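See structure below.
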Protein chains: 2
Amino acid sequence: MDGTQSVKERRDVVVVLREFLAAVQLPENGRLPNERDLADRLGITRAELRKGLAVLESEGQLWRRVGTGTFVGPKPPQMLDIAELAERTTSLQMMRARIALEPELAHLAALNISAAEIAELQALNGACRSAKNWREYEAYDARFHHGIAKAARNPVLLAMLDTLNGVRRAVTWGRPRPEGDRPSTAHHSFTDHDTIVDAIAHGEPVKAADAMRRHLQTVEDRLVGRMP
Amino acid sequence: MDGTQSVKERRDVVVVLREFLAAVQLPENGRLPNERDLADRLGITRAELRKGLAVLESEGQLWRRVGTGTFVGPKPPQMLDIAELAERTTSLQMMRARIALEPELAHLAALNISAAEIAELQALNGACRSAKNWREYEAYDARFHHGIAKAARNPVLLAMLDTLNGVRRAVTWGRPRPEGDRPSTAHHSFTDHDTIVDAIAHGEPVKAADAMRRHLQTVEDRLVGRMP
DNA sequence: CCATCAACCATTCAAGAATTGGTTTTATTA
DNA sequence: TAATAAAACCAATTCTTGAATGGTTGATGG
């Protein structure tokens with residue numbers, strides 16, 4: 001064979017690896033042979049090979065995962081674990097995230113919403129008003145905001161809001177809840193929702209985004225303890 | 001046994017089920033026995049049981065999934081599938097999502113970033129400039145934006161940007177890529193990055209958010225075809 | 001001290017059996 | 001015959017087990 005000598009030649013392992021990658025012309029996300037085989041093929045030891053792979057990995061040329069293999073290209077993103085994420089997230093950080101997302105969603109909704117969806121939003125807002133306990137209110141409130149996101153006609157933003165709500169629910173699971181009393185304290189949210197729906201229904205994106213931002217800001221203020 | 005008579009008594013299955021749930025006191029997300037066993041224990045037929053479960057499920061008292069079981073409480077949100085999401089998402093929608101997220105991230109980064117992170121951002125921007133091909137440029141660009149998100153100190157927003165980038169990559173996989181030529185066409189991005197880093201480094205959140213918004217807007221304009 | 005080799009570890013995947021909710025067919029009984 | 005209980009079947013999911021893989025450690029020997 002030809003490879004066994006390259007060790008003695010002291011050629012840098014990284015160079016050998018680059019040549020190999022160029023030779024085999026693997027496609028993006030293509031899989032390299034496993035380390036044991038590849039070390040044999042290149043005529044180098046596995047420890048040496050791993051050093052070289054580490055370099056290429058740090059350069060972002062490839063990525064590795066235990067039990068799976070070594071692949072060309074940047075590391076694919078991991079699907080986020082909602083429960084794990086909720087542990088590292090405070091209620092305030094949740095609100096900052098919502099403030100980042102939802103005004104833009106209201107903006108887009110004002111541009112794309114249908115008549116049926118407007119009616120649904122109004123119905124959900126009414127359901128919020130007549131909720132018999134706090135938990136029921138939160139369920140309708142979540143569906144209200146989800147409805148706006150759906151009307152925005154942007155799958156990515158919708159998915160992100162949904163995961164956001166998932167984290168929100170997981171976060172509130174850990175905290176105690178005022179189970180019995182009705183959400184009379186949230187009466188300001190009702191009028192907030194009204195103005196948001198009105199702006200969206202009249203096709204006024206900027207106004208809708210502003211209303212949503214003010215609404216969430218109020219919730220955040222209340223969360224921090226700044227009662228207006 | 002005792003249960004076999006309750007069928008003849010014609011007591012409503014739902015009532016029996018509610019009594020059972022109250023008796024066993026399952027915690028939130030607790031799992032019920034499987035339908036065959038439960039039907040035996042309650043002395044009713046499986047079809048009857050399923051009617052009752054359907055009612056409670058529609059009430060949101062519990063949720064079921066094939067192969068898994070029946071559980072107490074509202075249905076947990078599903079983790080989003082990046083590949084599936086990418087199929088329903090256009091490049092333009094991707095940009096709208098980024099414009100919703102990243103200015104806020106730049107804002108927060110300006111408030112929370114450390115000196116080491118500033119240096120890292122500058123280094124990554126430099127790496128963008130000296131990228132030898134388009135793919136390498138995109139890798140560093142992604143790490144640049146990720147660095148800003150990390151400096152924002154908000155796990156939820158960071159996770160959302162990461163999934164966003166995952167979708168972005170999955171979207172661009174489907175499209176052809178200009179493999180060979182260097183990203184000289186993206187030279188305006190370099191100065192954009194400069195102004196963003198400067199604003200963040202000087203602790204000017206509004207300025208940073210504006211710079212980020214303008215930067216992404218330029219990219220979107222270029223995407224749509226409006227060359228400025 | 002360093003490189004090499006082997007063994008071991010932890011994670012992941014793949015294939016198949018078992019489990020479970022969902023559906024249809026068959027048997028039983030009034 | 002109609003209603004209904006019982007069984008069988010279906011499809012999605014989990015569990016189990018073994019193999020494959022990257023990651024780590026330690027013995028061996030220059």
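Naming: A, B, ... by sequence-line order, numbering from 1 per chain. Note that the structure is a prediction, hence the values are computed from the model and not measured.
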Quiz question: by atom type and distance under 3.5 Å, do the side chains of His145(A) and Asn165(A) form a donor-acceptor pair? no
Whether the Glu117(B) and Ser114(B) side chains hold a donor-acceptor pair (N or O, under 3.5 Å, no angle test) is what I'd like checked. yes
Between Leu49(B) and Leu17(B), is any pair of side-chain heavy atoms under 4.5 Å apart? yes
Give the rounded distance in Å between these two atoms: CZ of Arg31(A) and C1' of dT12(C). 10 Å
Asn34(A) side-chain proximity, nearest of dG22(D), dT4(C), dA6(D): dG22(D)
Give the rounded distance in Å between these two atoms: CG of Leu32(B) and P of dG21(C). 9 Å
Whole angstrom is fine here: how far is it from CZ in Arg46(B) over to C1' in dA7(D)? 10 Å
With under 30° as parallel and over 60° as perpendicular, where do the rings of Phe190(B) and Tyr137(B) fit, or are they tilted in between? perpendicular
Leu62(A) atom CG is separated from dT21(D) atom C1', nearest whole Å, by 15 Å
Taken to the nearest whole Å, CG/Leu56(B) to C1'/dG21(C) is 15 Å
Sugar-phosphate, base or nothing in reach of Arg36(B), heavy atoms under 4.0 Å: base
Would you say the side chain of Leu101(A) lies within less than 4.5 Å of the side chain of Glu104(B), judging by non-hydrogen atoms? no
With a 4.0 Å cutoff (strictly under), does any side-chain N or O of Arg64(B) reach OP1 or OP2 of dG22(C)? yes
Grab the CG-C1' distance between Leu38(A) and dA20(D) for me, whole Å please. 16 Å
Could you work out which one of dG22(D), dT12(C), dT4(C) sits closest to the side chain of Thr68(A)? dT12(C)
Protein-nucleotide distance (Arg50(A), atom CZ; dC9(C), atom C1'), rounded to Å: 13 Å
Does Thr70(B) put a side-chain nitrogen or oxygen below 4.0 Å from OP1 or OP2 of dT20(C)? no
Whole-Å gap separating P (dA7(D)) and CG (Asp40(B)): 10 Å
What's the closest nucleotide to the side chain of Glu35(A) if the choices are dG21(C), dG22(D), dC13(C)? dG22(D)
